[in-house]
Amino acid sequence: MTTPDAVPLSGPRFQTEPARLYREMRRDHGSVVPVLLDGDIPAWLVLGYRELHQVTGDPVLFSRDSDLWNQWDNIPADWPLLPMIGRKQPSILYTVGERHRQRAAMVSNALEAVDPFEMRGHAERFADELIDALCAAGEADLIAQYAMLLPVRVLARLYGFSDEEGPGLVTALNDMIDGRERALAGQAHLAGSMARLVADRRKEPADDVVSRMLADDSGFSDEEIVQDLMVMMAAGHQPTADWIGNSLRLMLTDDRFAASLFGGRNSVAEAMNEVLWEDTPTQNVAGRWAARDTRLGGRAVRAGDLLLLGLQGANSDPQVRTDASELTGGNNAHFSFGHGEHRCPFPAQEVAEVIARTGIEVVLDRLPDIDLAVPAESLTRRPSPWLRGLTRLPVRFSPVPAG
């Protein structure tokens with residue numbers, strides 16, 4: 001399936017100008033782009049809105065079963081993307097059919113039982129603690145000192161972890177998601193932490209997400225629940241942290257939000273939705289595998305080919321975004337939470353939205369004259385084609401006392 005003009009899915013342009021890069025890919029290759037992963041492993045990147053709808057809406061033809069991949073013979077044991085594109089991983093990501101539906105219901109039910117007022121209370125308390133630690137200095141990096149620390153603290157509390165375990169989980173998650181040399185070590189740390197928590201809750205249940213998953217009567221093993229918790233933690237922490245950072249960046253740099261930055265709660269929701277369309281934290285997702293030879297977007301896709309879901313590319317597809325300069329308002333037809341039976345469960349979306357919105361509102365409430373401390377054009381992104389988030393967000397503000 002390798003084509004001579006395949007695009008490497010790496011490099012600085014995913015950091016500096018992904019929107020332009022996706023436009024060029026679409027111009028040169030159409031809605032389904034031949035790409036190369038680490039080690040020159042071929043795949044397809046689906047950038048078309050309609051084509052992505054087709055792939056995510058047909059779980060039989062475009063399966064989540066990674067055993068179908070026709071490239072496994074070429075994948076080394078230390079391939080850095082294995083945590084994201086794994087083989088025989090007993091998690092919800094790779095389960096198909098009725099078993100997947102049962103599994104999704106278990107996860108949704110465990111999250112749906114979370115009290116939203118209690119969750120918002122946790123988010124406000126942790127956010128206030130983080131602001132207390134930096135508010136007297138008059139300056140801060142809202143990524144390293146705030147956004148990267150908040151979601152995992154809330155999620156860890158909801159799942160049943162102690163607060164002390166949070167920092168180690170953050171480091172492990174970031175190592176795993178970045179897909180570089182520490183990816184497998186990060187995965188191992190996360191797996192060990194989850195296994196210990198599941199074993200503890202098996203002996204002594206509590207009022208938390210893990211205990212509710214263990215109480216489900218669908219017969220999932222502890223190993224399967226550990227895998228699902230890893231997926232939930234990874235999917236819940238980093239994209240939410242980036243949602244906070246990207247939304248704050250938008251509000252601090254875009255004139256459309258300047259007037260409402262210091263008092264408009266509605267503008268927070270509008271900025272968050274704008275980010276999901278234009279600067280979504282989850283840019284590309286692996287993936288789906290073709291169950292048989294087929295055609296997609298004019299391309300001959302072979303049985304076992306890997307298709308990557310180009311969520312940001314689809315969100316900016318000019319065939320559905322005829323006027324990209326318009327504010328998206330209440331339009332939620334973006335792909336940022338996926339689509340189809342493997343989309344992010346609705347209760348998980350609500351958890352992410354409560355954490356992100358609370359995190360943004362606490363910053364604006366506690367640091368009322370906040371401003372960027374560097375030129376907007378100097379802000380840089382992490383070098384990842386998968387998740388899009390800032391490396392730093394330096395701000396300044398009038399020093400205020402803690403608490």
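A donor-acceptor pair is defined here as one N or O able to donate and one able to accept, closer than 3.5 Å; no such pair exists between the side chain of Y159 and the backbone of L197. A donor-acceptor contact shorter than 3.5 Å links the side chain of Q312 to the backbone of W277. With W72 contributing its side chain and S66 its backbone, the two residues share a donor-acceptor pair below 3.5 Å. Counting only distance, with no hydrogens or angles, the side chain of D371 and the backbone of R396 share no donor-acceptor pair below 3.5 Å. Of the possible donor and acceptor atoms, none in the side chain of S31 sits under 3.5 Å from a partner among the backbone N and O of G48. Judged by distance alone, the side chain of E224 and the main-chain N or O of S221 form a donor-acceptor pair under 3.5 Å. In this structure, the side chain of R299 engages the main chain of H29 through a donor-acceptor pair within 3.5 Å. Under the 3.5 Å distance criterion, the side-chain polar atoms of S218 are left unmatched by any main-chain donor or acceptor of F220. One N or O on the side chain of D305 and one on the backbone of R302 form a donor-acceptor pair closer than 3.5 Å. Checking side-chain atoms of R212 against main-chain N and O of L111 turns up no donor-acceptor pair under 3.5 Å.
The only option from R381, E274, E278 that meets the side-chain hydrogen bond (donor to acceptor under 3.5 Å, both in side chains) definition with N246 turns out to be R381. None of R388, Q283, H237, R382 except one satisfies the side-chain hydrogen bond (donor to acceptor under 3.5 Å, both in side chains) rule with D242; the exception is R382. Of the options V55, L47, N284, T282, a side-chain contact (heavy atoms from CB on, under 4.5 Å) to L309 is made by V55 and by none of the others.
Under the 3.5 Å distance criterion, with hydrogens and angles disregarded, no donor-acceptor pair is assigned to the side chains of Q54 and D58. N273 and E270 form no side-chain donor-acceptor contact under 3.5 Å, judged by distance and modelled atom types alone.
No side-chain heavy atom of L36 sits under 4.5 Å from any side-chain heavy atom of V7. Counting heavy atoms from C-beta on, the side chains of V285 and W386 never come closer than 4.5 Å. Side-chain contact check for T380 versus L390: every heavy-atom pair is 4.5 Å or farther apart. Two residues are said to be in side-chain contact when any heavy atoms from C-beta on lie closer than 4.5 Å; E139 and V395 fail this criterion. Within the 4.5 Å cutoff, the side chain of Q71 has heavy atoms near those of the P42 side chain. Side-chain contact check for F161 versus V210: every heavy-atom pair is 4.5 Å or farther apart.
The CG atom of D222 sits 14.0 Å away from atom CE of M194, with the distance rounded to the nearest 0.5 Å. Considering CD of E350 and CD1 of I355, their distance stands at 12.0 Å, rounded to 0.5 Å. Annotation: the span from L387 atom CG to Q238 atom CD amounts to 6.0 Å, rounded to 0.5 Å. Taking CG from D216 and CD from Q102, the interatomic distance works out to 8.5 Å, rounded to the nearest 0.5 Å. Taking CG of L307 as the start and CG of L45 as the end, the distance is 9.5 Å to the nearest 0.5 Å. One finds the NE2 atom of H53 at 6.5 Å from the OH atom of Y49 (value rounded to the nearest 0.5 Å).
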Check the pair I85, L37 against side-chain contact (heavy atoms from CB on, under 4.5 Å), reporting the backbone distance first and the verdict last. CA-CA 11 Å; I85 311 175; L37 302 175; 4.0 Å; yes
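Taking both residues in full, the closest heavy atoms of S247 and A271 are given as OG-O, 4.2 Å, listed atom of the first, atom of the second, then distance. Shown here for L372 and P394, the closest heavy-atom pair between the two residues is CD2-O, 3.5 Å. Shown here for W243 and P281, the closest heavy-atom pair between the two residues is N-CG, 3.6 Å. Taking both residues in full, the closest heavy atoms of L296 and V32 are given as O-CG2, 3.6 Å, listed atom of the first, atom of the second, then distance. The heavy-atom pair separating S378 from P375 by the smallest distance is OG-O, 2.7 Å. Here the closest non-hydrogen pair linking P151 and G236 is CB-O, 4.2 Å.
Between R366 and E361 there is no salt bridge, since no side-chain N of the basic residue sits under 4.0 Å from a carboxylate O of the acidic one. A salt bridge does not link R157 to D208: none of the charged nitrogens lies less than 4.0 Å from a carboxylate oxygen.
Other residues, nucleotides and ligands place more than 12 heavy atoms under 6.0 Å from the CG atom of D132.
Applying the salt bridge (charged side-chain N to carboxylate O under 4.0 Å, His left out) rule to pairs touching residues 8-18 yields R13-E17, R13-E24, E17-R20, sequence neighbours excluded.
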